[in-house]
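Values below: every heavy atom of this structure, side chains too, minus hydrogens, waters and symmetry copies.
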Amino acid sequence: QKQLVQSGGGLVQPGGSLRLSCAASGFALDHYEIAWWRRAPWKEREGVSCMGSSAEVTHFADSVKGRFTISRDNAKNTVYLEMNNLKSEDTAEYFCAARTPIYDSVCVLQYSYTYDYWGQGTQVTVSS
């Protein structure tokens, strides 16, 4: 069964850090474009970060640039989202997603309907 299983998240104070994990089963993540999306209450879903099939290809939303990093462990078939200097506006439910790469040399945080697999979601709450 092909699926993405997320872990991590929770409650953290402003300025703190969290790491989200997204483990794939049934397919190899290094053949897919992976992205992290989030959805805050009463807001539209927002693309946060993506990585192409090549780990050198990454992209970040302006709202998280410089604070979040994305990485992949091929041996564990897992993608990570490291979130630093968290702000209250980062509070949301976070989802990882995988799709066949649209472009060769870039990944884009668009066309959310084209993802083949989605994780179950994990809540991140930034509050003092």
Side-chain donor/acceptor of [X] to backbone N/O of [Y], under 3.5 Å:
X    : Y    : result
S53  : Y32  : no
Q6   : Y94  : yes
Q13  : S128 : no
Q123 : G9   : no

Indicate, with yes or no, if Y113 and Y117 share a hydrophobic cluster defined by side-chain heavy-atom contacts under 4.5 Å among Ile, Leu, Val, Met, Phe, Trp and Tyr. no
Quick check on the hydrophobic clustering: are Y80 and L18 connected, directly or via other members, by side-chain heavy-atom contacts under 4.5 Å?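 No.
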Nearest heavy atoms of [X] and [Y], plus distance in Å:
X    : Y    : value
W118 : S112 : CZ2-O, 3.5 Å
T122 : G8   : OG1-O, 2.8 Å
Y115 : V108 : OH-O, 3.9 Å
M83  : L86  : CB-CD2, 3.7 Å
A24  : L29  : CB-CG, 3.5 Å
M51  : T58  : CE-CG2, 4.0 Å

D104: partners by side chain to side chain donor-acceptor pair (under 3.5 Å), with sequence neighbours left out: none
Using the side-chain contact (heavy atoms from CB on, under 4.5 Å) rule, pick out the option among L11, L20, T91, L81 that qualifies with V124. L20
Minimum side-chain heavy-atom gap [X]-[Y] below 4.5 Å:
X    : Y   : answer
W36  : F68 : no
F95  : V48 : no
L109 : H59 : yes

Taking disulfide bond (SG atoms under 2.5 Å apart) as the cut-off, I'd like each qualifying pair that reaches into residues 32-95, sequence neighbours left out, listed once. C50-C107
Heavy atoms from other residues, nucleotides or ligands near NZ of K65 exceed 12 (cutoff 6.0 Å): yes
Just how far is it from atom CD of Q120 to atom SG of C96, taken to the nearest 0.5 Å? 7.5 Å
Write out all pairs satisfying salt bridge (Lys or Arg N to Asp or Glu O under 4.0 Å) with one or both partners inside residues 27-44, taking only residues at least two apart or from two chains. E33-R99, R38-E46, R38-D90, R39-E93
